[in-house]
**Student:** 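Below are the structure tokens for one structure; questions will follow.
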Amino acid sequence: MQSTSAARNRTLCPCIMRWTQTIIPTLKETPAEAEIVSHKLLLRAGLIRKLTGGLYIFMPLGLRALRKVEQIVREEMNRAGALELLMPALQPPEIWEKSGRYETARDVLFKVRDRAKKEWVLGPTHEEVITTLVAGEINSYRQMPKNFYQIQTKFRDEIRPRFGLMRAKEFIMKDAYSFDSSDAGAQESYHKMYNAYARIFQRCGLKTIAVEADTGVMGGKFSHEFMVPAETGENDVAYCDGCGYAANVEKASSNVTKTASEPSAALPEKFPTPGAVTIDALTKAPHSVPAERQIKTLVYVADSKIVLVLLRGDDQLNEAKLAGTLGSTMFRPGEPEEIFTAMGAHPGSLGAVAATLKGDGWAIYADERLKDTTGMTTGANEDGFHLRNIEIGRDIKVSKWADLRLVQAGEPCAKCGQPLKVQRAIEVGHVFKLGTKYSEALHAMFLDETGRQQPAVMGCYGIGVTRTLQAVIEQSNDANGIVWPISVAPYTVCITPLNVAPESPVMQLAEKIYAELTSLGIDTILDDRNERPGFKFKDSELVGFPIRIGIGEKSLAKGEVELKPRAGALTAVKVEDAVSAVQALVRAALGA
RNA sequence: CGGAGCGUAGCUCAGCCUGGCUAGAGCACUUGGUUUGGGACCAAGACGUCGCAGGUUCAAAUCCUGUCGCUCCGACCA
């Protein structure tokens, strides 16, 4: 039977997608390499296979789902007036030098050499390329606005690829770049993209929240990230149920209470604190200094210079905010030996009190929550000693006050006062208003109405397409497998005949329904495997086809087939109603 | 790059600590048979440079050294 069925397949109509003719290598057991549910399911459902760390092969089924996500992205970008083009992945390093990112992005740049030993870079993104193009092609305000996009493979030398497609060395991104002749125009382009993104993710069946974001090394003016709430995400999002405020914690601020000051004219007093090298240790007897009355002193090195960062004892530093304050991302925490050499004490006994500092003219950045505080305690820059009665305005030469702290869940929203919540999330999209950084660096200039030369005002907009696909699975699964939204499912319908003999009424009906669904444009796969029913049911649920049509002799005898939505209950429908019932489900899901 | 763990059949893993003949199990695969509405059963079979290199030893999957790869935690990002 087995061999004849293989022979039979070769002679059957190739226009029917039969399970035995494609390859869907499902796994009953989870490969050890996968940690999070979406990665496990991508592998178990036979959608992807790993070539090596951070590099994956899309199997036929996985590719179908990927193409559906891409198509939704393409349709919505086109609807928003963006123009699709395709740029080279291989790029000359010169344009990266011009933008300054050859240095600032060097950690993620893959570099290769050609036979003449000339260096090239593999594009992690395409601001430099598109801006070079626009510099040559767009010379007048009359040619703007323009928004160019592509869907293309990007390369990033990730420090640590992980979670399958979530963070890979090579991934597919939709990147778009808008060019406007005015700031107001750029705002409008930005909002168009923001709205397009909301539609894209909604169509993909994803629940996302748009949050205010830090602009990082992109060097933009302001930006939003589209986040999929998920415990396995790599970002923390702070949001407010009261007014809808939402921001990446890198960016978020809250309306925290000022630190109460304790008026006192007392002068700094050194006291011994042997062994107490943490904020927590100082809160305990015999010292009993509450964390909110301590000043935490962090030592950073920026441009090989020492920088001190002061926070209240119970606050955490937000490095993204520090980057904003420093105007650079080129900084790092000091090494223990380096700190000892500079400060004369080890971490745990550090302080910024002017009289105890060895160095002169060091920048001291202090969090605003410390402003005007008195009666504080901090390290004495001598191991085993701290200072009390610190009045920050009098005793510490703060160079700059800034919001440097990480917000915590429960703090009052800065806009409405309700408590903020913090949630892990996966970033699937990011919109930036860039301004003129790249257009100036790469000379994308145009003549305005008055004949003056101006740099184009840019925006850039990314969607991690492969990551979005995985985020859908991360958000949409159950104990049996994936639960695809119809919009991105590899096939909408899986027909499961329980008798696969070609001449059987069951199989003949299966092929008839297949033909009808296909003629209606509904993607269908026919599970013609000669396997036991339970095996086929389990497999189709693992892969997660949104609708299964079960056809067996028992129900057929009653003139019925079984309709089993992946996320719903099984119902019996008359044979003649099966196709219209499926069509109704599909229409309802796609809103068509 | 720092910290932790793991490399034995296509997959999941045992064996390693305490060295010993021909390296095991389950799943998957091949053949035959029995089955057939929720991941069947019987029988036979195929599949391994035990990650790689070096060392110790009469003898190494097992001990030692080095190396490569993978996974997880931290800093970077779609």
Side-chain angles (χ1 to χ4, degrees), chain A residues 1-3 25-36 39 43-44 46 49-55 73 104-109 124-125 151-176 197 213-218 223 225-228 232-235 248 250 319-320 323 329 331-333 335 426-432 460-471 480-481 496-501 506 529-542 548 550-556 562 564 570:
Chain A
M1 197 59 207
Q2 227 79 10
S3 55
T26 58
L27 302 170
K28 202 187 287 189
E29 287 174 295
T30 305
E33 71 196 58
E35 205 66 26
I36 68 175
H39 188 194
L43 291 164
R44 288 192 55 211
R49 282 294 182 264
K50 183 174 76 173
L51 177 62
T52 183
L55 298 174
V73 170
T104 56
R106 66 167 184 268
D107 289 345
V108 299
L109 278 184
T125 172
I151 296 172
Q152 190 225 27
T153 300
K154 305 292 190 223
F155 299 87
R156 289 193 190 169
D157 191 358
E158 289 291 344
I159 299 167
R160 181 152 86 88
R162 63 179 133 181
F163 300 151
L165 305 177
M166 282 294 182
R167 179 176 298 279
K169 288 185 193 306
E170 182 185 318
F171 60 98
I172 296 174
M173 180 161 113
K174 185 286 301 174
D175 47 322
Y197 275 34
D214 184 64
T215 49
V217 293
M218 296 296 289
S223 86
E225 289 164 337
F226 286 78
M227 295 287 198
V228 177
T232 51
E234 298 180 85
N235 292 269
N248 192 311
E250 290 183 346
E319 286 202 355
T329 54
F331 62 86
R332 59 175 175 81
E335 302 288 338
I426 300 162
E427 181 187 356
V428 289
H430 204 156
V431 292
F432 283 95
C460 73
Y461 318 93
I463 289 178
V465 177
T466 37
R467 179 183 286 181
T468 297
L469 180 69
Q470 185 165 348
N480 291 320
T496 308
L498 301 186
N499 180 343
V500 297
V506 165
R529 293 175 299 171
N530 188 19
E531 291 287 351
R532 299 161 66 85
F535 186 90
K536 291 166 76 161
F537 293 155
K538 284 286 187 193
D539 240 12
S540 77
E541 282 162 17
L542 173 59
R548 186 179 71 224
I551 309 175
E553 259 126 27
K554 285 181 199 164
S555 50
L556 193 53
E562 287 165 0
K564 171 69 175 73
L570 186 147

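Each chain gets a letter, A, B and so on, in the order the sequences are listed, and its residues count up from 1.
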**Student:** Across all strands shown, which nucleotide pairs with B:A14 by Watson-Crick or G-U wobble geometry, both distances under 3.5 Å?
**Tutor:** none
**Student:** When you compare the side chain of A:Arg548 with that of A:Glu541, does any pair of heavy atoms fall below 4.5 Å?
**Tutor:** yes
**Student:** Stacking here means centres under 5.5 Å and planes under 30°; does A:Phe537 stack on B:G39?
**Tutor:**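 Stack criterion not met.
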**Student:** Quick check: closest heavy atoms across A:Thr232 and A:Phe163, and the distance to 0.1 Å?
**Tutor:**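 In terms of heavy atoms, the two residues are closest at O-CE1, 4.0 Å.
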**Student:** Using the P atom as the point on both nucleotides, what is the distance between B:U49 and B:A44, in whole Å?
**Tutor:** 26 Å
**Student:** Is any side-chain heavy atom of A:Leu43 closer than 4.5 Å to a side-chain heavy atom of A:Arg49?
**Tutor:** yes
**Student:** For B:A4, give the paired nucleotide (Watson-Crick: N1-N3 plus N6-O4 or O6-N4; G-U: N1-O2 and O6-N3; both under 3.5 Å), or none.
**Tutor:**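 Partner of B:A4: B:U71.
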**Student:** Closest heavy-atom contact between A:Gly54 and A:Ala168?
**Tutor:** O-CB, 3.3 Å
**Student:** Quick check for you: among B:C13, B:U71, B:A78, whose closest atom lies nearest to any side-chain atom of A:Ala32?
**Tutor:** B:C13
**Student:** What's the gap between B:A9 and B:G48 when it is taken at their P atoms, as a whole Å value?
**Tutor:**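 The same atom, P, in both gives a distance of 10 Å.
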**Student:** Taking all atoms of both residues into account, what is the closest heavy-atom pair of A:Lys169 and A:Gly53, and its distance?
**Tutor:**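 Shortest heavy-atom contact: CE-O, 3.6 Å.
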**Student:** With a 4.0 Å cut-off on heavy atoms, is A:Lys536 in touch with a base, just the backbone sugar-phosphate, or nothing at all?
**Tutor:** nothing
**Student:** Pick the P atom in B:G74 and in B:C52, then give their distance to the nearest Å.
**Tutor:** 32 Å
**Student:** Check whether any side-chain heavy atom of A:Thr125 sits under 4.5 Å from a side-chain heavy atom of A:Met173, and report yes or no.
**Tutor:** yes
**Student:** Between B:C76 atom P and A:Glu225 atom CD, what is the distance in whole Å?
**Tutor:** 13 Å
**Student:** Calculate the interatomic distance between A:Glu158 atom CD and B:C70 atom C1'; express it in whole Å.
**Tutor:**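 The distance from CD of A:Glu158 to C1' of B:C70 comes to 17 Å, rounded to the nearest Å.
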**Student:** Which nucleotide, if any, forms a Watson-Crick or G-U wobble pair with B:C52, using both distances under 3.5 Å?
**Tutor:**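 Its partner is B:G66.
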**Student:** Does A:Arg160 have a side-chain nitrogen or oxygen under 4.0 Å from the phosphate oxygens OP1 or OP2 of B:A75?
**Tutor:**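 No, because none of the side-chain N or O atoms of A:Arg160 sits under 4.0 Å from OP1 or OP2 of B:A75.
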**Student:** Give A:Thr468 one of three labels, base, sugar-phosphate or nothing, depending on what nucleic acid heavy atoms sit under 4.0 Å from its own.
**Tutor:**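 It contacts nothing in the nucleic acid.
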**Student:** Check this one for me: any side-chain N or O of A:Arg532 less than 4.0 Å away from OP1 or OP2 of B:U35?
**Tutor:**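 It does not, given that no N or O in the side chain of A:Arg532 lies less than 4.0 Å from OP1 or OP2 of B:U35.
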**Student:** Measure from NE2 on A:His39 to C1' on B:C70 and round the result to the nearest Å.
**Tutor:** 11 Å
**Student:** Roughly, in whole Å, what's the span from CG in A:Leu51 to P in B:G69?
**Tutor:**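 Rounded to the whole Å, the gap is 14 Å.
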**Student:** Whole angstrom is fine here: how far is it from CD1 in A:Ile172 over to P in B:A78?
**Tutor:**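 So the two atoms are 17 Å apart, to the nearest Å.
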**Student:** Can you tell me how far P in B:C72 sits from the matching atom in B:U35, rounded to whole Å?
**Tutor:**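 Per the computed distance, 47 Å lies between those P atoms.
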**Student:** Using atom types as modelled and distance alone, determine if a side-chain donor or acceptor of A:Glu531 lies under 3.5 Å from a backbone N or O of A:Lys536.
**Tutor:** no
**Student:** Without decimals, in angstroms, what is the distance between A:Phe155 CZ and B:C76 C1'?
**Tutor:**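 Rounded to whole Å, this separation is 19 Å.
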**Student:** Heavy atoms from C-beta onward define the side chain here; which of B:U12, B:G38, B:G39 lies closest to that of A:Asp539?
**Tutor:**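 When the side chain of A:Asp539 is considered, B:G39 is the closest of B:U12, B:G38, B:G39.
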**Student:** Is the phosphate of B:C70 approached by A:Thr52 (side-chain N or O, under 4.0 Å from OP1 or OP2)?
**Tutor:** yes
**Student:** Ignoring hydrogens and geometry beyond distance, is the side chain of A:Arg162 in donor-acceptor contact with the base of B:C72 at under 3.5 Å?
**Tutor:**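 Under the 3.5 Å cut-off, the side chain and the base do not form any donor-acceptor pair.
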**Student:** Classify the nucleic acid contact of A:Tyr461 as base, sugar-phosphate or nothing, counting any heavy atom under 4.0 Å across all strands shown.
**Tutor:** nothing
**Student:** Considering Watson-Crick and G-U wobble pairs with both distances under 3.5 Å, what does B:G45 pair with?
**Tutor:** B:C29
**Student:** Would you say that A:Ile36 contacts A:Arg162 through its side chain, given a criterion of any heavy-atom pair below 4.5 Å between the two side chains?
**Tutor:**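 Of all side-chain heavy-atom pairs linking A:Arg162 with A:Ile36, none is under 4.5 Å.
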**Student:** For a quick test of reading the model: is some side-chain N or O of A:Arg529 closer than 4.0 Å to OP1 or OP2 of B:U36?
**Tutor:**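 Checking B:U36 against A:Arg529, no side-chain N or O comes under 4.0 Å of OP1 or OP2.
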**Student:** Determine the Euclidean distance between corresponding C1' atoms of B:C77 and B:C68; express it in Å to zero decimal places.
**Tutor:** 27 Å
**Student:** Which whole-number value in Å describes the distance from A:Gln152 CD to B:A78 P?
**Tutor:**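 A:Gln152 atom CD is separated from B:A78 atom P by 15 Å.
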**Student:** Given atom CG of A:Leu55 and atom C1' of B:G69, what is their separation to the nearest angstrom?
**Tutor:**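 After rounding, the gap between these two atoms is 13 Å.
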**Student:** For residues A:Tyr461 and A:Phe432, report the shortest heavy-atom separation together with the two atoms involved.
**Tutor:** CE2-O, 3.9 Å
**Student:** Reading RNA chain B from 5' onward, which residue's closest nucleotide shows up sooner: A:Met166 or A:Thr26?
**Tutor:**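 Of the two residues, A:Thr26 wins.
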**Student:** Between A:Arg529 and A:Phe535, is there a donor-acceptor pair closer than 3.5 Å when you use the side chain of the first and the backbone of the second?
**Tutor:** no
**Student:** Give me the distance, rounded to whole Å, that separates B:A61 from B:G55 when you measure between the P atoms they each carry.
**Tutor:** 15 Å
**Student:** Suppose we call a contact any N or O donor and acceptor under 3.5 Å apart; does that hold for the side chain of A:Glu553 and the base of B:G37?
**Tutor:**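 For A:Glu553, whose side chain was compared with the base of B:G37, there is no donor-acceptor pair (under 3.5 Å).
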**Student:** Using atom P of each nucleotide, how far apart are B:G5 and B:G66 to the nearest Å?
**Tutor:** 16 Å
**Student:** Hey, does A:Arg44 reach any base, or is it just sugar-phosphate, or nothing, if we go heavy atoms under 4.0 Å?
**Tutor:** base
**Student:** Distance check, P atoms only: B:G39 and B:A28, in whole angstrom units.
**Tutor:** 13 Å
**Student:** So, under a plain 3.5 Å distance rule, would you say the side chain of A:Arg156 forms a donor-acceptor pair with the base of B:C77?
**Tutor:** no
**Student:** With a 3.5 angstrom cut-off on both distances, give the Watson-Crick or G-U wobble partner of B:U36, or none if there isn't one.
**Tutor:**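 Base-paired to nothing in any strand shown.
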**Student:** Heavy atoms only: give me the nearest A:Asp539-A:Thr26 pair and the separation to one decimal.
**Tutor:** OD1-OG1, 2.9 Å
**Student:** Classify the nucleic acid contact of A:Ala34 as base, sugar-phosphate or nothing, counting any heavy atom under 4.0 Å across all strands shown.
**Tutor:**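 Contact class for A:Ala34: none.
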**Student:** For nucleotides 24-30 of chain B, read 5' to 3', which letter fits each nucleotide if B means a protein heavy atom sits under 4.0 Å from the base, S means only the sugar-phosphate is that close, and - means neither?
**Tutor:** --B----
**Student:** Relative to the 5' end of RNA chain B, which residue comes earlier, A:Glu562 or A:Asn235, by the nucleotide with the nearest heavy atom?
**Tutor:** A:Glu562
